[in-house]
Amino acid sequence: MGLAVSLYSTIDFEQSSQKLIINGCDEQFQNEQNLTYQAFVRGCHFLNQPVPNVKITIDNHVPVSRGLGSSAVCIVGGLMGANLWFDSPLNKKEILTLATEMEGHPDNVAPAILGNLNVSFTDSLENIQNVAFKVSSDLFFVALVPDYQLSTKKARQVLPKSMDYQTVSYQVGHAVALSKALETGDLQLIRQAIIDKMHEPFRSKLIPDYSAVKSICEKDGGVLYISGSGSTLMAIASNLNDAQKIIDETKKSFPNWKTHLLSVDTKGASGVLI
Ligand SMILES: Nc1ncnc2c1ncn2[C@@H]1O[C@H](COP(=O)(O)OP(=O)(O)OP(=O)(O)O)[C@@H](O)[C@H]1O
Ligand SMILES: N[C@@H](CCO)C(=O)O
């Protein structure tokens, strides 16, 4: 289950005289291993086209390894860049299949491509099944972004290898109810349905300020969850006043953190040929 929020990066792909130039990201990513470039190359290969010399310029607003889907942005951006380059032969469903193959699962690439709340899985025929839910516009999302990273790899290592039947049954019921509660905007139901036994008890230990921020959020009437695999903590509030209080209090306690008041994106990734 993944939610598309209004935090965007813009990536330009241009003809270049050199094989590859990358601007706008850390030096460690300015090479052929860059995930956006890797996805661009994957797209070209899939389309049976030669990989052109390219200059990639990234205007990035999605922080790396903070649970806000920066890897999904790179993968979706690279694939969409290749698709546009060759006059858009692929539709979004086909891009989703390629992106899932690269990311390993559809949960973050599906909302990045399609927008909204997306529940997705790989079916028995290896196709991606995807159900979109519109999220109530009465809800306000606040990303509270710590000044420390947490890689998805590390956040997966702390998860148990299996879940007992009782916990699975608890979690499935909660997940289904949460989808509906987000759709109707019922914050009281969200507060109950979002209680998680699958990853938060384990991953919260990797986020030293989790309990302090949860207290701030709940005192101000909101609901808190770990975004993606962390470290970002996402608050949901039912009005702008509560959302602003959560931002102000978090900034007071954690002046180095970034905060973003977000809405749900309903369109997903888009691109234009210039
Ligand atoms: N702007 C960027 N430029 C180059 N590579 C990037 C950029 N953003 C992300 N990446 C790649 O994605 C990796 C981060 O992926 P990771 O899955 O750890 O975090 P995330 O996608 O931000 O979190 P989550 O999957 O929980 O939402 C980086 O190590 C790098 O390989
Ligand atoms: N949903 C993934 C994070 C997104 O890659 C996880 O919880 O590990």
Side-chain angles (χ1 to χ4, degrees), residues 1-5 7-13 20-42 54-81 96 99-113 117-122 128 130 141 143-161 163 171 175 178 194 196-207 210 225-234 258 260 262 265 269:
M1 187 189 287
L3 180 68
V5 288
L7 201 56
Y8 305 98
S9 291
T10 305
I11 308 173
D12 288 329
F13 298 84
L20 175 65
I21 301 171
I22 305 178
N23 290 326
C25 64
D26 267 17
E27 214 177 310
Q28 57 166 326
F29 299 128
Q30 293 180 12
N31 53 55
E32 289 189 30
Q33 299 318 308
N34 181 287
L35 194 53
T36 302
Y37 181 64
Q38 294 272 315
F40 181 78
V41 169
R42 176 71 187 102
V54 64
K55 178 176 162 194
I56 300 176
T57 307
I58 305 171
D59 180 14
N60 185 38
H61 297 274
V62 182
V64 181
S65 290
R66 298 297 206 294
L68 287 166
S70 70
S71 58
V73 168
C74 294
I75 291 170
V76 173
L79 289 170
M80 291 202 45
L96 174 59
T100 301
E101 187 192 284
M102 288 195 75
E103 179 71 353
H105 50 78
D107 59 356
N108 52 4
V109 291
I113 294 167
L117 175 71
N118 266 269
V119 179
S120 43
F121 60 92
T122 306
I128 312 301
N130 172 83
F141 292 82
L144 306 166
V145 188
D147 50 359
Y148 41 86
Q149 298 192 344
L150 176 52
S151 79
T152 301
K153 194 170 167 217
K154 192 170 170 203
R156 287 197 181 145
Q157 280 165 353
V158 299
L159 300 178
K161 297 281 168 280
M163 279 166 72
Q171 205 61 70
L178 180 60
I194 211 162
D196 176 273
K197 291 190 180 179
M198 196 172 157
H199 80 142
E200 290 216 7
F202 314 101
R203 289 176 166 172
S204 55
K205 295 190 181 116
L206 301 176
I207 307 170
Y210 172 84
Y225 65 94
I226 297 177
S227 179
S229 59
S231 55
T232 292
L233 300 169
M234 189 75 84
K258 293 218 159 51
H260 304 278
L262 303 169
D265 176 277

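Just so it is clear, the structure is predicted and the values come from calculations on it, not from any experiment. Just so you know, ligand 1 is whichever comes first in the structure, and atom 1 is the first atom listed for that ligand. Sequence positions, counted from 1, serve as the residue numbers for this chain.
Summary of contacts: the protein heavy atom closest to atom 26 (O) of ligand 1 is Ser229 OG, 2.7 Å. Summary of contacts: the protein heavy atom closest to atom 19 (O) of ligand 1 is Ser65 CA, 3.4 Å. Atom 1 (N) of ligand 2 has Asp107 OD2, 2.7 Å as its closest protein atom, hydrogens excluded (heavy atom only). The protein atom (non-hydrogen) at minimum distance from atom 11 (C) of ligand 1 is Leu35 CD2, 3.9 Å. From the protein, the heavy atom lying nearest to atom 2 (C) of ligand 2 is Arg156 NH2, 3.3 Å. What sits closest to atom 30 (C) of ligand 1 on the protein, heavy atoms only, is Phe29 CE2, 3.5 Å. Gly69 N, 2.7 Å is the protein heavy atom nearest to atom 27 (O) of ligand 1. Distance from atom 28 (C) of ligand 1 to its nearest protein heavy atom, with residue and atom name: Val64 CG1, 3.8 Å. Closest to atom 10 (N) of ligand 1, if we only count protein heavy atoms, is Cys74 SG, 3.6 Å.
Using a 4.0 Å cut-off to heavy atoms of Glu103, the atoms of ligand 2 that qualify are 5 (O). Close approach of ligand 2 to His105 (heavy-atom distance below 4.0 Å) involves ligand atoms 4 (C), 5 (O). For ligand 1, the atoms lying closer than 4.0 Å to a non-hydrogen atom of Asn34 are 4 (C). For ligand 1, the atoms sitting less than 4.0 Å from at least one non-hydrogen atom of Cys25 are 3 (N), numbered in the order shown with element in parentheses. Interface atoms of ligand 1 facing Asn108, defined by a heavy-atom separation under 4.0 Å, are 25 (O). Listed by number with element, the atoms of ligand 1 under 4.0 angstrom from any heavy atom of Leu68 are 27 (O). If you number the atoms of ligand 1 from 1 as listed, the ones under 4.0 Å from a heavy atom of Arg66 come out as 22 (O).
In terms of polar-atom proximity, Lys153 is not counted as a contact of ligand 1, lacking any N or O under 3.5 Å from an N or O of the ligand. Some N or O of Arg203 is nearer than 3.5 Å to an N or O of ligand 2, by distance alone. When only interatomic distances are considered, the shortest N/O to N/O separation between Asn108 and ligand 2 falls below 3.5 Å. In terms of polar-atom proximity, defined here as any N/O pair under 3.5 Å, Ser70 does make such a contact with ligand 1. Considering backbone and side-chain N/O atoms, Gly230 never comes within less than 3.5 Å of an N/O atom of ligand 1. Geometrically, ligand 2 and His199 share no nitrogen or oxygen pair separated by less than 3.5 Å.
Note that the CG atom of Asp59 and the OG atom of Ser9 stand 7.0 Å from one another [nearest 0.5 Å]. Remark: Leu178 CG to Ile194 CD1 distance equals 5.0 Å, nearest 0.5 Å.
Each of Lys205, Arg203, Glu200 was compared with Tyr210 under the side chain to side chain donor-acceptor pair (under 3.5 Å) criterion, and only Glu200 meets it.
More than 12 heavy atoms of other residues, nucleotides or ligands sit less than 6.0 Å from atom CE of Met1.
Phe40 has its side chain out of reach of Asn34: every pair of non-hydrogen atoms, C-beta onward, lies at least 4.5 Å apart. Ile11 has its side chain out of reach of Thr57: every pair of non-hydrogen atoms, C-beta onward, lies at least 4.5 Å apart.
Tyr148 and Ile207 get closest at one heavy-atom pair: OH-CG2, 3.8 Å. Of all heavy-atom pairs spanning Pro106 and Pro111, the tightest one is O-CD, 4.2 Å. Listed here is the closest heavy atom pair of Gln149 and Val64: NE2-O, 3.6 Å. In this structure, Val62 and Tyr8 approach most closely via the heavy-atom pair CG2-C, 4.4 Å.
Nearest to atom 25 (O) of ligand 1 by heavy atom, out of Thr152, Val62, Asn60, is Thr152. Taking only non-hydrogen atoms, the option from Pro63, Gly77, Ser71 nearest to atom 21 (O) of ligand 1 is Ser71.
Thr232 and Ser227 form no side-chain donor-acceptor contact under 3.5 Å, judged by distance and modelled atom types alone.
Applying the side-chain hydrogen bond (donor to acceptor under 3.5 Å, both in side chains) definition to pairs two or more places apart or across chains, those involving residues 66-78 are Ser71-Glu103.
Listed for the Asp196 side chain is a donor-acceptor partner under 3.5 Å among the backbone atoms of His199.
In this structure, Glu27 has no salt bridge (charged side-chain N to carboxylate O under 4.0 Å, His left out) partners at least two apart in sequence or on a different chain.
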